[in-house]
Amino acid sequence: MSERARPTHHCAELRRAHAGERVVLTGWVDRVRDLGGLLFLDLGDYRGTTQVVVRPGTDAARVAKRVGAWWVLAIEGQVLAREPETVNPAVETGEIELEAEVVRVLSEARTPPFPPTATADVAEELRLRYRYLELRNPRLQRNLRIRGRLASEIRAHLDGHGFLEVETPFLTRSTPEGARDYLVPSRVHRGRFYALPQSPQLFKQLLMIGGVDRYYQIARCFRDEDLRADRQPEFTQVDIEMSFADPELVIEITEGLFRRALGAVGIEVRPPFPRFTHAEAMDRYGVDRPDLRYGAAITDLTELARNSGHRILDSILDGGGALRGIAAPGCAGFSRKRLDELQKVAVAAGAGGLFRAAFRDGAVRSPLARMLGPDRLFRLLEAAGGASGDLLLLVAGEPRTASVALGALRRRLATSEGWIGKDDFRMAWVTDFPLFDWSETESRLTSVHHPFTSPHPEDLHLLEDEPLRARSLAYDVIANGYEMGGGSIRIHDRRTQQRIFDALRVPPEEARERFGFFLEALEYGTPPHGGIALGFDRIAMLAAGARSLREVIAFPKTTSATDLMTGSPGSVRTSQLDEVGVALAGRRRRASGAD
RNA sequence: GGGGUCGUAGUUCAGUCGGUCCAGAACGCCGGCCUGUCACGCCGGAGGUCGCGGGUUCGAGUCCCGUCGGCCCCGCCA
């Protein structure tokens, strides 16, 4: 009688051809069907299940009578081909069963708070608290396997292109700009703090200076900001940097990476990906990460609409405004209620109002018809790429605002009208981002990308006088309306870097204090370099067809950045605080639970 | 920081206008019966801080205020 617990086969492996073999299976009890005499139990793991038959009166039966769901067993016995009338065609292993001779209980199990293999209707709060149980669910098993496969393919791709995987510190220092840092107090240096990296940005540039001319890392990053379905406080970037690179090289390597990694999980993307300048993306789609899985792009109709006789429209256009529109396919029959909803969406997105025209059966219905006339409305429809049956939605106003509002309508309609095919996957590049934008709250310029992004060489002369018109050598890679990553060619000379800090109004003493080491490094022979950082969790999320990053992270956090399983963040003893020289601000002390 | 939404047996939910609702169902769990089941079946049983605190009321799961937690969104996220 063998005492071994090591399986000879896994639970989805046995077939008719194994009949007669003596095997050992290990796994969880999925279900027990005790018929009083005969007892069946399904033994399984993430690969599948195998039916075990236990005969009455045997030693195996005496043990099997006790077991419950999710006990861990090793079962030794002989594989039997089932009689034709007892074959279960719904199960891969349904042609055989294992006749138990020895049932060993490796582990008993409490009844789980929810059935791990059927979690669809279970409150997420509960699933997160017992995440290790939910991980047994086939959906999460599949997602984790997709994620793991992506990581290994990405490594293989980059290794194959001469990139070296290098780790960079987690305990580093806070940098200005960007998100809030997670801080770690120093015990040795009271009153000083490490910051967890928001990205390995400076380190990867220093690796270029250090002669590692092709670097990558699948790196954890930390940002203490409010969360969303597609944002976690700690997340993973595929961080890539290379010396002597131009945007074309970065794009080529990245496209190859996506083709290989996504291809390995059954998603075909075909480089070269289409490209849009940031200005084109904003004008045509009203966002900097357009979803290309559906049409209804935005068209500028200003010239066709001039001198319409419509008082409001004319005054907007004469004042330098634009008329832009989208043709929503098949939406001509929308009810008054649905049109009102669209109006609300447009106004919430900044539009002053929403004009519309519905085209059906060679006729047009529109509040604009009386002033513009049907012929002009049909010309607008044609210019917007529409046809009979479509609903033309028009926004007049400041050109960019009009596009942003129409972009919001486009996204809303894509969801409500089912414009998105289930297996569509469309990637693209957005290039020529502005270098700066204006922060109303801080009354100063801020970097659109980050302060180490190279200005576009043609726009260097704009930095001091017209900085908001300056473009950068930054690029984003997008998929299905999500930003999948972004990168840039970096500044590699000290003087240009200084001009950027000046434009950002970073005080010289602060620049020196917080990354003097980096500015100094730039003075010791810096190769031109650039790279990209890809949002690995989002790649995995889209590859898995999931709607939330929590679906592709083994142990994710809630939208309030807590871990319901471990209870983090947790309180610490006062002695621990004393050790690191931290005192809680008065009224918070009790609330935080420190004791 | 703001808005929305949800919170009732282990789980998923129902619970009408505030009153036979000392809160029900299904699944799960426990016990009994059952030798070809595979969502086994049949019979029986146990199981509740209606998230928490306060208020209104003769009476609150239900109404009001506050608060905690999950999720979604805006701000924020170079």
Side-chain angles (χ1 to χ4, degrees), chain A residues 30-44 49-58 61 68-70 80 82-91 93-94 97 99 110-130 133 175-181 198-199 201-202 221-233 235 345 348-350 408 433-437 439-442 444-453 472 474 476 483 486-488 500 504 506 533 535 547-548 550 556-562 564 567 591:
Chain A
D30 184 34
R31 222 170 215 108
V32 181
R33 292 177 293 279
D34 184 352
L35 272 48
L38 270 184
L39 181 149
F40 297 95
L41 61 85
D42 296 331
L43 197 69
T49 64
T50 297
Q51 173 166 287
V52 176
V53 56
V54 184
R55 308 284 176 200
T58 59
W70 297 101
L80 302 180
R82 297 199 204 175
E83 296 301 321
E85 62 273 19
T86 63
V87 164
N88 184 348
V91 182
T93 58
E97 62 196 353
E99 181 172 44
R110 295 165 59 179
T111 301
F114 56 86
T117 48
T119 59
D121 292 331
V122 179
E124 187 158 16
E125 191 171 356
L126 193 69
R127 286 161 23 211
L128 288 173
R129 180 161 166 222
Y130 296 95
L133 294 179
T175 52
E177 305 276 314
R180 273 183 220 101
D181 289 311
Q198 296 180 24
S199 83
Q201 183 62 32
L202 291 181
C221 304
F222 307 86
R223 293 180 189 174
D224 187 3
E225 294 292 344
D226 290 343
L227 306 174
R228 293 282 189 283
D230 63 347
R231 288 180 355 209
Q232 282 272 310
F235 60 99
V345 170
F433 275 76
L435 191 57
F436 302 115
D437 59 17
S439 166
E440 291 292 345
T441 50
E442 298 175 68
R444 65 173 186 101
L445 295 177
T446 56
S447 292
V448 166
H449 195 54
H450 57 54
F452 314 105
T453 301
S472 67
D476 275 3
E483 178 190 337
S488 63
I500 299 296
L504 291 170
V506 177
R547 294 175 155 275
S548 162
R550 293 186 298 276
K557 291 193 170 52
T558 65
T559 49
S560 62
T562 62
L564 296 176

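Note: hydrogens, waters and symmetry copies are ignored here, and every other heavy atom, side chains too, is used. Convention: sequence-line order gives letters A, B, ...; per-chain numbering from 1.
- Nearest to the side-chain atoms of A:Asp121 among the listed nucleotides B:G75, B:U12, B:C72 stands B:U12.
- Whole-Å rounding puts the A:Glu125 CD to B:U12 P distance at 10 Å.
- Across all strands, A:Val448 comes closer than 4.0 Å only to sugar-phosphate atoms, never to a base (heavy-atom distances).
- Closest to the side chain of A:Ala123, from the set B:C77, B:U12, B:C76, is B:U12.
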Response to the item:
With sugar-phosphate taken as primed atoms, P, OP1 and OP2 and all else as base, the protein-contact string of nucleotides 38-44 of chain B at under 4.0 Å (heavy atoms; B, S, -) is BSB----

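- With 3.5 Å as the limit, one finds a donor-acceptor pair spanning the side chains of A:Thr446 and A:Asp437.
- A donor-acceptor pair shorter than 3.5 Å can be found between the side chains of A:Gln198 and A:Asp181.
- Between A:Arg228 and B:C71 there is no side-chain N or O to OP1 or OP2 distance below 4.0 Å.
- Applying the 4.0 Å criterion to OP1 and OP2 of B:U37, one finds that A:Arg55 has every side-chain N and O outside that range.
- In this structure, the CG atom of A:Leu126 is 15 Å from the P atom of B:G7, given to the nearest Å.
- Checking B:C76, B:G70, B:U12 against the side-chain heavy atoms of A:Thr562 singles out B:G70 as nearest.
- Contact of A:Arg127 with B:G70 (side chain to base): no donor-acceptor pair of N or O atoms is detected under 3.5 Å.
- Partner assigned to B:G41 is B:C33, using Watson-Crick or G-U wobble distances below 3.5 angstrom.
- Of the candidates B:C72, B:G70, B:C77, the closest approach to any side-chain atom of A:Thr558 belongs to B:G70.
- The listed nucleotides are B:G36, B:C71, B:C76; the one nearest the side chain of A:Leu38 is B:G36.
- B:U37 has A:Phe40 stacked on its base ring, the centres lying under 5.5 angstrom apart and the planes within 30 degrees of parallel.
- A donor-acceptor contact under 3.5 angstrom links the side-chain atoms of A:Glu97 to the base of B:G36.
- An OP1 or OP2 oxygen of B:U11 is reached within less than 4.0 angstrom by no side-chain nitrogen or oxygen of A:Thr119.
- A:Ala229 comes within 4.0 angstrom of sugar-phosphate atoms only, judged by non-hydrogen atoms across all strands, and of no base.
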